[in-house]
> 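Please see the structure below; I have some questions.
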Amino acid sequence: EEITVLLEFSGNSLTGAGFGVKNKVFVKKTGMTFTEDDLISEIKPYLEDENIKKIVYDIKDALVKLDGKIEIKNIEADVAIAAYLAEPSRNDYEISGVAFDFLGALIEKEEKQEAQLSLIDDDEEETDTEFLKRVFIMAPLWDYCEGKLKELGQESLYFDIELPLIKVLADMQIKGFYVDKAELKSF
């Protein structure tokens, strides 16, 4: 079984999770009565299931933010890393731009209704529809990137080095690493 997973954060707090299974997309977001803990409880069994392959997007920061809460297992692919190897000269690897450039898929920002004044400045907050579209585009985007990796002869670099390196870098960010000060000074 294979699913696409897109996680959304506000600072270090998990605020949304999207799952794509075949041609269906499921999204759950925190709100007035649904907390981050509720969301974690709901998605944890799927993310920690070793029998489910996960296709993710730029997952390293999520691994750091979810440390001690969820251990994401069986990451099959990180589309952002594959996109980087497919086109390393890009300035930005945000999913909407990559989807447009690679697939011609436009994920437009929706106009907000001005029916109600909000005390919270949420201009940057994306709509649920935008999030759904980003989750939905991940599978075809991975298919494209996987083909591009094969075409460029980058499969070994991706699967043997880049993909395993995600967890190593996340662990380094979480735990840190020791530095031999004397050796560093002598250098």
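These numbers were taken from a predicted model, which means no experiment stands behind them. The figures here come from the full heavy-atom set of this structure, side chains too, leaving out hydrogens, waters and symmetry mates.
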> Identify the residue among Ile70, Ile166, Leu169 that makes a side chain to side chain contact (heavy atoms under 4.5 Å, CB included) with Leu63.
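Result: among Ile70, Ile166, Leu169, Ile166 is the only option passing the side chain to side chain contact (heavy atoms under 4.5 Å, CB included) with Leu63.
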> Please test Lys53 against Glu1 for side chain to side chain contact (heavy atoms under 4.5 Å, CB included), starting from the C-alpha separation and ending with a verdict.
CA-CA 6 Å; Lys53 296 176 184 176; Glu1 192 174 351; over 6 Å; no
> Does the side chain of Val98 come within less than 4.5 Å of Tyr57's, by heavy atoms?
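A side-chain contact exists here, since the closest heavy-atom pair is under 4.5 Å.
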> In sequence, state the C-alpha distance, the side-chain angles, and the governing distance for Phe19 and Phe26, and then conclude on ring pair (Phe, Tyr, Trp, His ring centres under 6.0 Å).
CA-CA 5 Å; Phe19 293 89; Phe26 306 92; 8.2 Å; no
> Should Val27 and Leu47 be counted in the same cluster of Ile, Leu, Val, Met, Phe, Trp and Tyr side chains packed under 4.5 Å apart?
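Hydrophobic grouping puts Val27 with Leu47.
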> Can you tell me how far apart CZ (Arg134) and CG (Leu6) are? Round to the nearest 0.5 Å.
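Output value for this atom pair is 5.0 Å.
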> Can a cation-pi geometry be assigned to Lys29 and Phe34, taking NZ or CZ under 6.0 Å from the six-membered ring centre and within 45° of the ring axis?
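The answer is no; the distance or angle limit is not met.
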> Quick one about Gln154 and Lys148 (side-chain donor to acceptor, distance below 3.5 Å, no hydrogens or angles considered), yes or no?
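The criterion, which ignores hydrogens and geometry beyond distance, is not satisfied for Gln154 and Lys148.
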> Apply the test side chain to side chain contact (heavy atoms under 4.5 Å, CB included) to residues Ile55 and Ile3: give CA-CA distance (whole Å), side-chain angles for both, the deciding distance (0.1 Å), then the verdict.
CA-CA 6 Å; Ile55 297 171; Ile3 63 173; over 6 Å; no
> If every non-hydrogen atom of Phe136 is compared with every non-hydrogen atom of Asn23, which pair is closest and at what distance?
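The pair with the smallest heavy-atom distance is CE1-O, 4.0 Å.
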> Can you tell me how far apart OG (Ser13) and NZ (Lys65) are? Round to the nearest 0.5 Å.
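These two atoms lie 9.0 Å from each other.
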> In sequence, state the C-alpha distance, the side-chain angles, and the governing distance for Ile72 and Leu7, and then conclude on side chain to side chain contact (heavy atoms under 4.5 Å, CB included).
CA-CA 11 Å; Ile72 303 173; Leu7 302 174; 4.1 Å; yes
> Enter the distance from Asp61:CG to Ile59:CD1 here, rounded to the nearest 0.5 Å.
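Separation between the atoms: 9.5 Å.
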> Checking side chain to side chain contact (heavy atoms under 4.5 Å, CB included) for the pair Leu14/Ile40: CA distance, chi angles, key distance, verdict?
CA-CA 8 Å; Leu14 181 65; Ile40 287 171; 3.9 Å; yes
> Hydrogens and angles aside, do Asp38 and Thr35 bring a side-chain donor and acceptor to less than 3.5 Å of each other?
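Yes.
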> Please name the pair of heavy atoms, one in Asp49 and one in Lys54, separated by the smallest distance, quoted to 0.1 Å.
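Where Asp49 meets Lys54 most closely, the heavy atoms are O-NZ, 2.5 Å.
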> Looking at Met138 and Val79, what are the two nearest heavy atoms and their distance?
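So the two residues come closest at O-CG2, 4.2 Å.
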> For the CD1 atom of Ile174 and the NZ atom of Lys167, what is their distance to the nearest 0.5 Å?
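One finds 10.0 Å between CD1 of Ile174 and NZ of Lys167.
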> If you round to the nearest 0.5 Å, how far is OH of Tyr158 from CG of Asp78?
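The OH atom of Tyr158 is 5.5 Å from CG of Asp78, to the nearest 0.5 Å.
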> Could you go through the salt bridge (charged side-chain N to carboxylate O under 4.0 Å, His left out) check for Lys44 and Glu71 one step at a time?
CA-CA 8 Å; Lys44 186 174 185 169; Glu71 183 184 349; over 6 Å; no
> For Phe102, I'd like to know if atom CZ has over 12 heavy atoms of other residues, nucleotides or ligands within 6.0 Å.
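More than 12 heavy atoms, drawn from other residues, nucleotides or ligands, come within 6.0 Å of this atom.
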> Is a salt bridge present between Glu48 and Lys73, judged by a nitrogen-to-oxygen distance below 4.0 Å?
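Between Lys73 and Glu48 there is no salt bridge, as every charged N stays at least 4.0 Å from the carboxylate O atoms.
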> Do you know which two heavy atoms are closest between Pro164 and Ile161, and how far apart they sit?
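Here Pro164 and Ile161 meet closest at CD-O, 3.4 Å.
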> Check whether Phe177 and Leu184 end up in the same hydrophobic cluster, where Ile, Leu, Val, Met, Phe, Trp and Tyr are linked by side-chain heavy atoms less than 4.5 Å apart.
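Same hydrophobic cluster.
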> When rounded to the nearest 0.5 angstrom, what distance separates CD1 in Ile43 from NZ in Lys69?
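Reported to 0.5 Å precision, the distance equals 10.5 Å.
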> Taking all non-hydrogen atoms of both residues into account, name the closest pair between Val135 and Gly20 and its distance.
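Looks like CG1-N, 3.8 Å.
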> Identify whether Leu163 and Leu152 are in the same connected component of the hydrophobic contact network (ILVMFWY, side-chain heavy atoms under 4.5 Å).
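Different clusters.
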> Above 12 or not: heavy atoms from other molecules or residues under 6.0 Å from NZ of Lys60?
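Count over threshold, so yes.
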> Is it the case that Arg90 places NZ or CZ above or below the six-membered ring of Tyr93, under 6.0 angstrom from the centre and within 45 degrees of the axis?
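Arg90 over Tyr93 ring: yes.
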> Do Phe100 and Ile137 sit in one hydrophobic cluster, given that two such residues count as connected whenever their side-chain heavy atoms are within less than 4.5 Å of each other, even indirectly?
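As far as the 4.5 Å side-chain criterion goes, Ile137 and Phe100 are not connected within one cluster.
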> Using salt bridge (charged side-chain N to carboxylate O under 4.0 Å, His left out) as the criterion, list what pairs up with Lys150, not counting sequence neighbours.
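Residues passing salt bridge (charged side-chain N to carboxylate O under 4.0 Å, His left out) with Lys150: none at all.
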> For Glu94 and Ser96, indicate whether the former's side chain and the latter's backbone hold a donor-acceptor pair under 3.5 Å.
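Yes, because the side chain of Glu94 sits within donor-acceptor range (under 3.5 Å) of the backbone of Ser96.
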> What is the minimum heavy-atom distance between Leu141 and Ala99, and which atoms define it?
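Closest approach of Leu141 to Ala99, heavy atoms only: CD1-CA, 4.1 Å.
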> Side-chain heavy atoms under 4.5 angstrom apart, residues restricted to Ile, Leu, Val, Met, Phe, Trp, Tyr: same cluster for Tyr46 and Phe9?
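Result: yes, single cluster for both.
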